Amino acid sequence: MVNSTKENLRRVSVKVVENAIYEGIVNITHKLPEDIKKALKDSYESEVNPKAKYILNQLISNYDIALKERIPLCQDTGSIILFIEVGQDVYFTDGYILSGINKAIARATTDKYLRSSIVHDPITRKNNHDNTPAVIHIEYARGNRVKLYIMAKGAGAENVSVSRMLPLSYASKDKIKDFILKWVTEHAAKACPPVIVGIGIGGTYDYCPVLAKKALLRKIGSKNKNSYYDKLEKELLSEINKSNIGPQGIGGKTTSLGVFIESHPCHIASLPVSINITCNSSRITKIVI
Amino acid sequence: MKGTTIETPFKDNILKSLSIGALVKIKGIIVTARDASLKRLKEDMKKKKKLSFINETNVLYFCGPAPTPKGKVIGSCGPTTSARMEEYFEILFRSGVKGLIGKGPLSKEATSLCKKFNVVYLIVTGGAGAYLSSFVKTKDVISYKDLGPEAILKLEVDELPCIVASMKGNTIFK
């Protein structure tokens, strides 16, 4: 029998969550996060290839124009992906939380902030022109807060992402590095570079790509809490930027703005690795309710 | 970087004035196309065998714009990945298309096909859709309105900044 006492629970209205998500989506379509802006500016300063510089300058103009004129940073307003941490002392009221999330997306589409980029069926390609449903990852946390990460992710970069169950012979820093470097340098040009690379290592066949996506939530310049992976991230970033792929693939030393790794324990027989690439227009926002 | 202005439709000898990596600014009419519209266009061409817009322009832009905000000509309108459209290249080239605008590298086969038909492949900056919208002066739906962002649009552009990415079998990509 369930003994439910609601006295200690914090009531959070689904309407409040819906409105927060709506605002979040509207914001990220035309407002590039500060860390990405800074990374683009810094790259512009340090880049020596004139054509690469020219492109980086366009990307800087782009975020200024998008903000000033309130038009989307990119026409691909993306798939809406949410990572939600729900405090275990939260009690949702005024409706069903998942319906509230999807209502927010449909509303942002009706209000013309989003392009209808989602087909309802992957085979028939029928487009319902409302961009629902979102891809949602929910986790429990301690406390009574709801932490929302909203990501609007373009398909060009998503299309060149990958997951592999690697043989255990790859369980060394050098081998993993080689695998990641080979993949990223072969595919980054199609993903609107400078890209950001999210990497999942470990977990299971289903969880590893979630780790890779979650890794993309980190801010540019942030350190990995695990010093082993922090070093690996820095080495990978440096190697990727030596590839001379450059902005849009036309050469230069600005191929990636950041590499982030999320690891997870895994089975004694397995080594899952996922690489989730995102484009220069990395639109992510965090909201705490 | 200074670029030379070239007008659409592209002339037969367009390649003479271009080189890989050069900055060019496109002026005139271009037509948008992407996955769903090209699929339908291919079906329609099997019946009629002519592109409705070819007398006006021979330059295609792989793009599906975001909705047009109030008071604007067009919404954010950057390029989409050109490699996804390669299966339609031959039929388009045979129908007179001479210029493609998109983003990202093409396969070796597609690069050869561009060479065979004297087609130039130009790139605009992916992720700069808001910036690129400022070069669009007019927008009209030509066909497949029901496809929403994938409808075929006629755009009049003024000095749209592109980089020559592939021509004569060569490519800018590393």
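Keep in mind that the numbers below use all heavy atoms, side chains included, and drop hydrogens, waters and symmetry copies. Order of the sequence lines sets the chain letters (A, B, ...), proteins ahead of strands, with each chain counted from 1. Bear in mind that the values here come from a model prediction, so they are computed numbers and not experimental data.
Within the 4.5 angstrom heavy-atom criterion, only backbone atoms of B/Pro65 (N, CA, C, O) approach chain A. The contact between B/Ile172 and chain A is made by backbone and side chain atoms together, counting heavy-atom distances below 4.5 Å. Of the atoms belonging to B/Ala83, it is side-chain heavy atoms, and not backbone ones, that fall under 4.5 Å from chain A. In this structure, chain B has heavy atoms under 4.5 Å from both the backbone and the side chain of A/Ile250.
Interface summary for chain A: among B/Gly71, B/Gly21, B/Gly104, the most heavy-atom pairs under 4.5 angstrom belong to B/Gly21. Here B/Pro105 is the residue among B/Cys63, B/Pro105, B/Ala36, B/Pro69 with the most heavy-atom pairs under 4.5 Å with chain A. The most heavy-atom pairs under 4.5 Å with chain A, out of B/Ala165, B/Gly148, B/Gly127, come from B/Gly127. For the options A/Ala191, A/Cys74, A/Pro72, A/Gly154, heavy-atom pairs under 4.5 Å to chain B are most numerous at A/Pro72. Counting heavy-atom pairs closer than 4.5 Å to chain B, the top-ranked of the candidates A/Ile71, A/Ile245, A/Leu59, A/Ile65 is A/Ile71.
Atom-to-atom distance recorded for B/Leu51:CG and B/Leu60:CG is 7.5 Å, nearest 0.5 angstrom. With rounding to the nearest 0.5 Å, the separation of CD1 in A/Ile150 from CD1 in A/Ile284 is 11.0 Å. Note: A/Ile240 CD1 to A/Ile180 CD1 = 8.0 Å, rounded to the nearest 0.5 Å. Here A/Ile196 contributes atom CD1 and A/Ile277 contributes atom CD1; the two are 11.0 Å apart, rounded to the nearest 0.5 Å. Once rounded to the nearest 0.5 Å, the distance linking SG of B/Cys77 with CG of B/Leu132 reads 6.0 Å. For the atom pair B/Leu38 CG and B/Leu92 CG, the distance stands at 6.0 Å (nearest 0.5 Å).
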Write out the donor-acceptor pairs between chain B and chain A under 3.5 angstrom, atom names and distance to 0.1.
from	atom 1	to	atom 2	distance (Å)
B/Gly64	O	A/Arg115	NH1	2.5
B/Lys72	NZ	A/Glu69	OE1	3.3
B/Ser76	OG	A/Pro72	O	2.8
B/Ser76	OG	A/Gln75	N	3.1
B/Gly78	N	A/Gln75	OE1	2.5
B/Gly78	O	A/Gln75	NE2	3.2
B/Pro79	O	A/Gln75	NE2	3.3
B/Lys103	NZ	A/Lys190	O	3.0
B/Thr125	OG1	A/Gln58	OE1	2.4
B/Gly126	N	A/Gln248	OE1	3.0
B/Gly126	O	A/Gln248	NE2	2.9
B/Gly126	O	A/Asn280	ND2	3.1
B/Gly127	O	A/Asn62	ND2	2.9
B/Gly129	N	A/Asn62	OD1	3.4
B/Gly129	N	A/Leu73	O	3.4
B/Ala130	N	A/Asn62	OD1	2.9
B/Tyr131	N	A/Asn62	OD1	2.8

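Put simply, the side chain of A/Pro247 reaches to within 4.5 Å of the side chain of A/Pro194, judged on heavy atoms. When side chains are defined from C-beta on, B/Val24 does not count as touching B/Thr5, because their heavy atoms never get closer than 4.5 Å.
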Given the rule in the salt bridge (Lys or Arg N to Asp or Glu O under 4.0 Å) test, do B/Asp158 and B/Lys137 qualify, once you have shown the distances and angles that lead to the verdict? CA-CA 7 Å; B/Asp158 190 14; B/Lys137 301 304 157 195; 5.1 Å; no

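Sequence neighbours left out, the pairs with a member in residues 83-110 of chain B that pass ring pair (Phe, Tyr, Trp, His ring centres under 6.0 Å) are B/Phe89-B/Phe93, B/Phe93-B/Phe117.
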